[in-house]
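In what follows, every chain begins at residue 1, and chains take the letters A, B, ... in the order their sequences are listed. Side chains included, hydrogens not; waters and symmetry mates left out as well; all remaining heavy atoms used. The model shown is predicted, which means the values in this text are computed figures rather than measured ones.
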Amino acid sequence: MSRRSLIGEALASVPSEPSATPAPETPATPRPNFTNKRLEAFGEAARIVKRPTIRLKPAECSIWPGNARDYSMLDEFRLRSLIDSILAEGGNRVPAVVRRTPGGPLPYELVTGTRRHWAISWLNTNHYPDIDLIAIIEDLDDEAAFRLADIENREREDISDLERGLNYKAAVDSYYGGVQLRMAERLKISKSQLSRYIALTEIPPFIVSAFHSPMDLQAKYAEKLLPLLRDGSARAKLEAAADQIAAEQSFRRSGDEQPITGPEVLSRLVQSTTTKGRVQRATIVAPRGDAIGQVEKDQQKVLTLSLSPSNLTVDEILEALRPVIEQAKMRSTRRR
DNA sequence: GTAAGAGTCCCGGTGTTGTT
DNA sequence: AACAACACCGGGACTCTTAC
């Protein structure tokens, strides 16, 4: 059974309120490799969503801080399709999960359904005050709430591995006595994979900034980068390469060009530690965004380039070379 | 020094995606 | 449709840390 159909089956079993018009939740893009352990985890989710639903206002819920998703990062642009579907159907078909907070400032705390909460809250303040958040009430402790939120978040591609890693790192200390193995067993993921996510949080900001977006920084990169970062001389090279890549990303951003992809950033970072010289094999990009060659070496007095100009005009090639030569001249001046 | 527990790293199986 | 390449992640060996 595919992951998509399993989730669909679980969610289809939710009894809808008589007054609630069914609305399709914006589907999460499925990730590959749905394992048996994850099937078990979803079974748990499916059991929970069979409970009866209630209607409440987003203002009646506080957001549980243990969720990986950063509420402040949500905006109308990111949630446009969800907002549209809730509006079209008059509410959220897939219920959020809340728990009661006796003695708290608000009667409920939202455990899962952050995006739905944000979208309905936004609609309430933008001409649709009557739309309610449909939710189910669960009696959950923090650890159970964390596991439930994790099950849902694992299916979302708009949560970066870094966000997930930070969330896992906090959880291992808060709920599992600092023992990753215990947490891996409870979450039904391998200790290797959990270790990868948590290791990602040790990647320093200067490396993160080399990536176009934190979404490009994948958990598996931690295995390659962290050993290099622990090596003093390699770390210095990484820092220099990361600065260079970040500057190039910024240059491309300002010119509406395609960013350097995550795998390429990783490859260039790793390569920077295995070769001599300041800048080697940096890509040379034409005005239209095509890669036309690379900087082979940038040494004291010699700049070595390789070019595949294809069908570009001479002017286009010269334009692509201009920033490369200017940067080499700047470095040469600094070296003196 | 030794044993136990925990974390890291590497390899390989499996599923997905792209190409012909 | 068949094949190749790639991505993901689990299992287990290895290493490190801590307590005794």
Residue from Ile137(A), Ile136(A), Leu133(A) passing side chain to side chain contact (heavy atoms under 4.5 Å, CB included) with Thr53(A): Ile136(A)
Pairs touching residues 117-131 of chain A that satisfy salt bridge (Lys or Arg N to Asp or Glu O under 4.0 Å), sequence neighbours left out: none
Base versus backbone protein contacts along nucleotides 5-10 of chain B [heavy-atom cut-off under 4.0 Å; B, S, -]: -SBBBB
Whole angstrom value for the distance that separates P of dC9(C) from NZ of Lys188(A): 17 Å
For Lys57(A), all residues meeting salt bridge (Lys or Arg N to Asp or Glu O under 4.0 Å), sequence neighbours excluded: Asp132(A)
Any residue meeting ring pair (Phe, Tyr, Trp, His ring centres under 6.0 Å) with His117(A), in chain and number order, not counting sequence neighbours: Tyr71(A)
Indicate every side-chain donor-acceptor pair of residues 173-184 of chain A with a distance under 3.5 Å to a residue at least two apart or in another chain.
| from | atom 1 | to | atom 2 | distance (Å) |
| --- | --- | --- | --- | --- |
| Ser174(A) | OG | Ala170(A) | O | 2.9 |
| Tyr176(A) | OH | Glu143(A) | OE2 | 2.6 |
| Arg182(A) | NH1 | Tyr176(A) | O | 3.4 |

Pairs satisfying salt bridge (Lys or Arg N to Asp or Glu O under 4.0 Å), at least one member in residues 194-216 of chain A, at least two apart: Arg196(A)-Glu223(A)
Interatomic distance, Asp161(A) CG vs dA7(C) C1' [rounded to whole Å]: 12 Å
Integer-rounded Å distance: dG10(C) P and Ile189(A) CD1: 7 Å
Are any protein N/O atoms closer than 3.5 Å to N/O atoms in nucleotides 17-20 of chain C? If there are, list each pair with its distance.
none

Counterpart residues, side chain to side chain donor-acceptor pair (under 3.5 Å), relative to Glu109(A) (two or more places apart): Arg99(A)
Non-neighbouring partners of Ile245(A) that pass side chain to side chain contact (heavy atoms under 4.5 Å, CB included), sequence neighbours left out: Ala210(A), Gln249(A), Ile260(A), Val265(A), Arg268(A), Leu269(A)
Divergence of helical axes at both termini of the helix from dG1(B)-dC20(C) to dT20(B)-dA1(C) - five pairs an end, 10° steps: 10°
With sequence neighbours excluded, residues passing side chain to side chain donor-acceptor pair (under 3.5 Å) with Glu76(A): Arg80(A)
Partners meeting side chain to side chain donor-acceptor pair (under 3.5 Å) with Lys224(A) (sequence neighbours left out): none
Integer-rounded Å distance: dG11(C) P and Leu194(A) CG: 14 Å
Spacing of Leu266(A) atom CG relative to dA7(C) atom P, expressed in whole Å: 11 Å
Pair Arg235(A) + Glu239(A): basic N to acidic O under 4.0 Å: no
